[in-house]
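Chain identifiers are assigned alphabetically (A, B, ...) following the order of the sequence lines, protein sequences preceding nucleic acid strands; residue numbering begins at 1 within each chain.
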Amino acid sequence: MSDLLAHLNAPQLAAVTLPPQHALILAGAGSGKTRVLTTRIAWLISTGQVGPAGILAVTFTNKAAKEMLTRLAAMLPINTRGMWIGTFHGLCNRLLRAHHREAGLPAEFQILDAADQLAAIKRLLKALAVDDQKYPPRELMHFINAHKEQGIRAAQAEAYDRYTSRRIECYVEYERQCQREGVVDFGELLLRSYELLQRNEPLRQHYRARFRHILVDEFQDTNRLQYAWLKLLAGHGSTDPDAPAACLFAVGDDDQSIYAFRGAEIGNMRDLQREFELASVIRLEQNYRSQGNILDAANALIRQNRGRLGKNLWTDAGAGEPIRVYAAFSDTDEARRIVDEIAELVRDGVSRQQIALLYRANAQSRVLEHQLFTAGVPYRVHGGLRFFDRQEIRHALAYLRLIVNPDDDTAFARVVNFPTRGIGTRSAEALQEAAHAAQCSLYAAAANLPGKSGSTIARFVRLIEQLRSETATLPLPELIEHVIDHSGLRQHYLGERDGQDRLENLDELVNAATVFVSDAATATDENERSDDGRLSSFLAHASLEAGEHQAGDDQEAVQLMTVHSAKGLEFDVVFITGLEQGLFPHENAAQERDGIEEERRLMYVAVTRARRRLYLTHAETRLLHGQTRYCLPSVFLDELPAELLQRSSRASGTPRATGTPAGKQQTAGDSGLRIGQSVRHARFGVGVIVASEGAGEQARVQINFGNGGMKWLALSLARLTPA
DNA sequence: TCTTTGTAGCTTTTT
DNA sequence: GCTACAAAGA
C-alpha cells in the first residue's frame, strides 16, 4: 500500500488519493499522467473503496488501454478482469454485444472500419444513382461521421440548403442500409450504445449501480458524444438517492489537444468543470522528461494561445543544452544536414532508437527517407499500412464475415469476384439491381437468382455455404486456415509474383487467431464475453484493433513519424523538421477557426517529446506538389525565446553548392520581381513570392504571406514593394 | 479480364 | 512530382 504511493510527488499524491468525487487532473506533458491514472485505480481497490467490478476506465487507443492493464497487473495482486478497461469503441462494442437485442442489432453484427464504410457509401450512392462528383463519397462520409460524433441522427439533422438536405437523405439511406446489413461503423458503436443506455432505464440503472468510478484518459480528445456517453454512465444530474452519480476522474491536457479536426471538443474540459461543479482542478506541472531549456521553449510557445486552462511545466533536471535551430536552403539540404548530425550523435553513443524525426505531413518523410537510405542509416517509418489493412487480410476477413453474416454486402462485394471467378461488372451490377429492387442483401439476391443454379454467382453462394458448414465445428485458427485454403485465396497468391509476402501475412492471420484464442481462454470472466474466442469476436477484434503499423522493429533504427503519431512518446533527441510558414503551421489551418492555435498545440506536443536535445529545422526552398516553393521560417520559431536558441545556417547569402534549381529563377512578369523575393503588401504585410504566371497586364504572382496565407495577386493591382 | 491510360488530389488519424 | 484509383481499350 505504502509502496503504491511512494515516489509520487505532492500533486500526484493528491490526485491519486482524492476522496470519492468528480475530478479533473490537468496533466502536462511528461508529468506522470498514466501513472496517476493507474495508481488511482490501484489505490481505490486496495483501500477497499471499490471492487474491481466497480471500475470503468476509458482510453482512446488500444495501446493506452493495454499499457494501463499491464501497469495495473504489476501493482495489484488481484486479477484485473472484473474491471472494464478499454477504448471507447471497445467498451461500446462490449455493451452492444451483451445487449444486442435491446440495441436492435443482430447477435453477430459486424463492425465497418473507415475503408469498409467508404466502400459502403460508394455502393449506396451507386444504388441511389447519386452523382458522386457532386457528392463525393469521402465528403459524405465525413458529413455522416461528424453528425454521429455530435449525437445527431439523420432524422434530427438540419438542412440549411438543398445540398445538405440531399446529403441528409443519403444519411437516412445509409442508416437503413447498415441496419439491413447488420453492420455498424465506428461512430455508430458510440451512438448506438449511447441511445441504448438513454432509452433503456433498467439497463442504465444496472450499469450506473455497477460502475462507481469512471476514469478517462486524454479527456481533451473526447468529442461531444463521448462526453455525453460519460455523463450518462456516470449518472450526472441524477437526483436519485439510491443511485448516486459515479465519480468521474478525468485526466487530460488542453494544451495537447490536437484532434479537433476529427471532432475532439476542448470545450468539454470547461464543460466538465462547470457541469460537475468541480471545486478545483489538480495540476501536474512537474515534468520528468525534458530538460529546462526545452520546457522553457514549450512554455513560451504555448503561452501565446488564448483560453487555456493554464499550466506551466517545470523541472529540476537543469537547463541542459540550447535548442539548435538550423536554416537549410532546401529540403534536400535539410535532410542531408540531419543525416550528418545523426551520424555524429550515433558516434557519440546515442542509440538510433532514441532519435526521432518529426514532421507535419507524411509526404515530408520521403526526402528524409531518401537521404537516410543513401547514407545507409537504418530507419523506421511509423504510420504506414497496418496489418489488418492489407488487401490479402481484408479479403480473408471478408470471407469470414460472409460466413458469420451473409447480409454483409461490403464483404460480399469485396470477394464475390476475388479470386476472379468470372463474375464481371455486368453480372455484379445486375445483382446489385436485383438486391435493390427486392430490398434485400446481395447474398440473398444471389441465392434467389431465378433458375440457373449452375451460374457463377450461384456457385459463389454455394462456396460460402460450403465453407460455413465445413468450418462449423472447427476451432478458430483451423477455421481461418480452412477458409484461406478453400476460398481460393491461397491458390491465387501462390500464382502471383509478389504473392509470397501475402501468403506469409495470411499465415500470420492464423497466428493472430491462435493468440486471440489463447488470450480469450485466460480471460474467462463472465464479463469478457465479447472476447470468447469465437469467429465473430475475432472479427470485431480485427476491426477495432488494426494491429501494428509495421512488423520489423528489430533493428536499431531512427524513428520517423508525424507529430500527431509522436504524441505520448518521448526520445532523447528530436528533430522537428519543415518549420516553415504554410507547412507548419499548415496553410489550411489559417482558414479554420482557431486553426493556428491547434497548430501551436501541435508544435507544443512536438517540442515536449524531446528529453535532452532538440533540433528545429527549416528550409528556404521546398519541393511541394511538384513545384519548388519558397518558404518563410515558421512563426513558431519567432515565438521561442531567442536566448534558448543556437542558430546556424547554410542559407541566406552563403554560396550554394547546388545552386537554385534551374529554371526557377525566372522573373515574375516583367516587373523585375523574382521568385523567392520578399515583398511587402499594404494589407497582407510581408511575404515571399513563390510562383508566377502570365505576363504584362495579366501577370499574377503567388505570395506566401505566412499567417495571412497563400494569395494570388495581380501585379498590375497589387502594388508590391520589395521588403 | 487484364492492362493501359488518364486525372484528381495533396494535413493530421484512432477506432 | 507522385500516387491512387477510375474509366477506357486489347
Side-chain angles (χ1 to χ4, degrees), chain A residues 58-65 86-93 111-119 122 126 132-133 136-139 142 145 148-149 184-191 217-218 221-223 225-226 257-264 331 358-367 370 382-386 388-389 391 417-428 456 496 540-547 549 561-568 578 582-592 595 598-599 601-603 605-606 622-629 661:
Chain A
V58 200
T59 64
F60 276 87
T61 66
N62 291 300
K63 201 172 145 200
T87 62
F88 276 102
H89 295 86
L91 296 172
C92 286
N93 176 49
I111 300 166
L112 298 184
D113 65 19
D116 293 329
Q117 191 189 8
L118 187 63
K122 283 181 182 167
K126 202 156 205 178
D132 60 0
Q133 299 288 97
R138 289 185 171 281
E139 199 275 334
H142 184 253
N145 288 343
K148 289 192 179 182
E149 275 158 13
V184 298
D185 58 42
F186 286 135
E188 187 72 24
L189 278 175
L190 261 306
L191 185 50
D217 191 19
E218 306 276 22
D221 288 338
T222 52
N223 61 34
L225 179 57
Q226 286 159 338
S257 162
I258 54 174
Y259 286 111
F261 71 91
R262 65 171 198 220
D331 45 0
L358 307 185
Y359 35 81
R360 176 67 240 267
N362 279 310
Q364 289 169 254
S365 78
R366 182 178 307 173
V367 190
H370 181 72
H382 294 250
L385 200 60
R386 283 172 314 183
F388 288 109
D389 283 338
Q391 68 139 336
N417 196 34
F418 191 95
T420 47
R421 45 176 70 87
I423 300 173
T425 28
R426 49 189 186 284
S427 20
T456 45
E496 211 180 45
H541 167 82
S543 301
L544 290 174
E545 186 156 3
H549 285 278
M561 67 193 86
T562 63
V563 180
H564 282 92
S565 26
K567 188 177 169 200
L583 228 207
F584 197 1
H586 198 276
E587 53 194 322
N588 293 0
Q591 279 88 264
E592 282 156 37
E598 174 131 330
E599 294 290 305
R601 289 192 293 270
L602 197 51
M603 180 67 182
V605 168
R622 183 173 296 274
L623 206 59
L624 215 60
H625 308 320
Q627 256 194 326
T628 308
R629 279 241 301 233

Given [options], the nucleotide with the shortest approach to the side chain of [X]:
X        : options                : value
A:Asn588 : B:dT15, B:dT11, B:dT12 : B:dT11
A:Glu599 : B:dT1, B:dT13, B:dT11  : B:dT11
A:Thr562 : C:dG1, B:dT13, B:dT15  : B:dT13
A:Arg360 : B:dT15, B:dT13, B:dT12 : B:dT12
A:Ala361 : B:dT11, B:dT15, B:dT1  : B:dT11
A:His625 : B:dC10, B:dT14, B:dT12 : B:dC10
A:Tyr259 : C:dG1, B:dT1, B:dT13   : B:dT13

What does [X] touch in the nucleic acid at a heavy-atom separation under 4.0 angstrom: a base, only the sugar-phosphate, or nothing?
X        : value
A:Phe88  : nothing
A:Ser543 : nothing
A:Asn417 : sugar-phosphate
A:Asp221 : nothing
A:Leu112 : nothing
A:Gly422 : sugar-phosphate
A:Glu592 : base
A:Asp113 : nothing

**Q.** Earlier contact from the 5' end, DNA chain B, for A:Thr420 and A:Phe261
**A.** A:Thr420
Q) When you match A:Gln133 and A:His586 each to their closest nucleotide on DNA chain B, which lands nearer the 5' end? A) A:Gln133
Roughly, in whole Å, what's the span from [atom1] in [X] to [atom2] in [N]?
X        : N      : atom1 : atom2 : answer
A:Ile258 : B:dT13 : CD1   : P     : 9 Å
A:Leu358 : B:dT13 : CG    : P     : 12 Å
A:Leu190 : B:dT14 : CG    : C1'   : 12 Å
A:Gln591 : B:dT11 : CD    : C1'   : 12 Å
A:Phe418 : B:dT1  : CZ    : C1'   : 13 Å
A:Asp389 : B:dT13 : CG    : P     : 13 Å
A:Leu118 : B:dT14 : CG    : P     : 17 Å
A:Leu583 : B:dT11 : CG    : P     : 10 Å

Q. Taking only Watson-Crick and G-U wobble pairs with both distances under 3.5 Å, what dot-bracket line describes DNA chain B, where [ ] shows pairs that cross earlier ones and | shows pairs with another strand?
A. ||||||||||.....
Q. Can you tell me how far P in C:dA4 sits from the matching atom in B:dT11, rounded to whole Å?
A. 15 Å
(Q) Suppose you measure atom P in C:dT3 against the same atom in B:dT12; what distance do you get, rounded to whole Å? (A) 15 Å
Q: Taking all heavy atoms of A:Asn417 and all of A:Gly422, pick out the closest pair and write down the distance.
A: OD1-N, 3.4 Å
Q: Locate the shortest heavy-atom distance separating A:Ile258 from A:Asp221; write the atom from each residue and the value.
A: N-OD1, 4.3 Å
From [X] [atom1] over to [Y] [atom2], what is the distance, rounded to the nearest 0.5 angstrom?
X        : Y        : atom1 : atom2 : answer
A:His564 : A:Asn362 : NE2   : CG    : 10.5 Å
A:Gln391 : A:Leu385 : CD    : CG    : 10.0 Å
A:Phe88  : A:Thr222 : CZ    : OG1   : 6.0 Å

Is there a side-chain contact between [X] and [Y] (heavy atoms, below 4.5 Å)?
X        : Y        : result
A:Lys567 : A:Thr61  : no
A:Tyr259 : A:Glu218 : no
A:Phe584 : A:Gln364 : no
A:Asp185 : A:Lys148 : yes

**Q.** Cationic N near anionic O, under 4.0 Å, A:Arg386 to A:Asp113
**A.** no
(Q) If the glycosidic angle sits within 90 degrees of zero it is syn, else anti. Tell me which applies to B:dT4. (A) anti
Q: Decide salt bridge (Lys or Arg N to Asp or Glu O under 4.0 Å) for A:Arg360 and A:Glu599; before the verdict, give the C-alpha distance in whole Å, the side-chain angles of both, and the deciding distance to 0.1 Å.
A: CA-CA 9 Å; A:Arg360 176 67 240 267; A:Glu599 294 290 305; 2.7 Å; yes
Q.
Does B:dT13 have its OP1 or OP2 closer than 4.0 Å to a side-chain nitrogen or oxygen of A:Asn362?
A. yes
Q. Using a cut-off of less than 4.0 Å, is there contact between a side-chain N or O of A:Asn62 and OP1 or OP2 of B:dT15?
A. yes
Q | Set of residues satisfying side-chain hydrogen bond (donor to acceptor under 3.5 Å, both in side chains) with respect to A:Asn145, sequence neighbours excluded | A | A:Gln117
Q. In B/S/- notation, 5' to 3', how is nucleotides 2-7 of chain C contacted by protein heavy atoms closer than 4.0 Å?
A. SS--S-
